[in-house]
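Everything below concerns the one structure shown next.
Order of appearance sets the numbers: ligands from 1, and atoms from 1 within every ligand.
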Amino acid sequence: MTSPVWHPFTQHGLGDPIPLISHAKDAKLYAPDGQSWIDAISSWWVTTHGHAHPRIMAAIRAQTEKLDQLIFAGWTHEPAETLAAELVRITPDPLTRVFFSDSGSTSVEVALKMALGYWYNIGEPRSRILVLEHSYHGDTIGTMSVGERGVYNRAWQPLLFDVDTIPFPYEGLEQATLDALEAACSAKPAAFIVEPLILGAGGMLIYPAWVLAEMRSICARHNVLFIADEVMTGWGRTGTRFACDQAGVIPDIVCLSKGLTGGSLPLAVTLCIEPIFAAHFSTDRAKTFYHSSSYTANPIACAAANANLEIWRDEPVQQRIDTLADAQAAHLSLLSHDPRAQNPRRLGTIAALDIVVPDSGYLSNLAPRLIAFYRDHGVLLRPLGNTLYVMPPYCITPDELAQVWSAIKASLDAV
Ligand SMILES: *Cc1c(COP(=O)(O)O)cnc(C)c1O
């Protein structure tokens, strides 16, 4: 009997093996027979401090002895109160309110609903959303609508709502992006949603902090809400705790998930400025923010997130990030003259390059062939098309990182 499991983003018809993992520690995944892989993409960008961090595991165990789950409409619990207060403390002052959900996609859906709810409740309804070309914000209908259209969402395009797309600020073309944003803002859209400094699923496309800062001030000037989707960039990935920190940008709405629990349990938050909350604050029930998931602010997930915040407070997390960033830069520079590795680029702990292939027929199955190659070489890497990136947990050892990059070099020889 084959497995009944239908895996995400997996073409079962190709018959690729699906390894079974029984345990994980730090940057390593293990099969029951002891075979191991270095997790060079942090289990899809979530694992920050490493798998099974003792402090997070202990916090989860302790919370399971107290409170497993609680309806969050009209009730509350200590792990959520502590977490919300701490998130407000570590983010810029204007962000005063925290709405819980359970995945990056739902945190973006909440952000979009908050933005439209704000305009609706203050009596100036707006519904248009501005997005950046090549963006990714999730796989639900709403988040696909604000993301790049393509093969990944073709079947559902009839259901996706219209947005205005601002061109990506490629080097030398930044002004065109800013001009397009300026022009689009004059049509009074509800909000502009953006992945700050780096577009993840869109191909690890990096743009400068000054462009982010300019985009933010254009939105402020035109009174368009600015939503930062920090689902991937948050929690140190880009070198600072949040990518917006590098640009001195304070968004109106911020989405956080992936590394919020250190990557241990699903949890997300959408933070917003006081006027958005205030627009929903009323004795009129019709102004309520009508959104909930069953597991909103699950206490065990919140306890894991509180442990993550304690780790940021008590352990040299920033130093680990800086060390990893330097090591990534050194490995990347060794490939800088390799004609097969184009556009080597890095932002904080994230390193990426584009693999040059002989012809486009090659391109279509490059990623699956590379994934198999790395799997056979003890490394979990998952290229996006011909874009290869390394985004490891911050605890990866120099030896492990060297193994990852030597597998990459070997793969360039093989393709
Ligand atoms: C992964 C991701 C999401 C979606 O998060 P899920 O937890 O997978 O729903 C949204 N935005 C960005 C920028 C992401 O990288």
* Interfacing atoms of ligand 1 (cut-off 4.0 Å, heavy-atom, His137) -> 10 (C), 11 (N)
* With only distance considered, is Thr106 within less than 3.5 Å of ligand 1 through an N or O on each side? -> no
* Gln342 side chain to Val356 main-chain N or O, any donor-acceptor pair under 3.5 Å? -> no
* Between the main-chain N or O of Ile355 and the side-chain N or O of Asn386, is there a donor-acceptor pair closer than 3.5 Å? -> yes
* Between Arg97 and Phe277, is NZ or CZ placed under 6.0 angstrom from the six-membered ring centre and within 45° of the ring axis? -> yes
* **Selection from Met232, Lys258, Glu230 by shortest heavy-atom distance to atom 2 (C) of ligand 1** => Lys258
* Asked: Do the rings of Phe9 and Tyr152 sit parallel, tilted or perpendicular, given the 30° and 60° boundaries?
  -> tilted
* How about His12 and Ile18: do any of their side-chain heavy atoms sit closer than 4.5 Å? -> yes
* Nearest protein heavy-atom contact for atom 13 (C) of ligand 1: which residue, which atom, what distance? -> Asp229 OD2, 3.3 Å
* Enumerated ligand 1 atoms positioned under 4.0 Å from heavy atoms of Trp45 -> 15 (O)
* To do: Heavy-atom contacts with Ser103 under 4.0 Å: which atoms of ligand 1 show up? List them by number with element.
  => 7 (O), 9 (O)
* Asked: Going by the order shown, which atoms of ligand 1 are within less than 4.0 Å of some heavy atom of Glu195?
  -> 13 (C)
* Within 4.0 Å of atom 8 (O) of ligand 1 (strictly less), any protein heavy atom? -> no
* Between Tyr136 and ligand 1, which part of the residue brings a heavy atom under 4.0 Å of the ligand: side chain, backbone, both or neither? -> both
* What's the shortest distance from atom 4 (C) of ligand 1 to any protein heavy atom, and which residue and atom give it? -> Ser105 N, 3.5 Å
* To do: Could you tell me whether some N/O pair between Gly104 and ligand 1 is separated by less than 3.5 angstrom?
  => yes
* For side chain to side chain contact (heavy atoms under 4.5 Å, CB included), just list the numbers for Arg216 and Cys244, CA-CA rounded to whole Å, side-chain angles, deciding distance to a tenth of an Å, and then say yes or no. => CA-CA 10 Å; Arg216 203 285 165 254; Cys244 284; over 6 Å; no
* Quick one: does Gln246's side chain get under 4.5 Å of Leu347's, heavy atoms only? -> yes
* Between Phe72 and His77, what is the ring plane arrangement, given parallel below 30°, perpendicular above 60°, and tilted in between? -> tilted
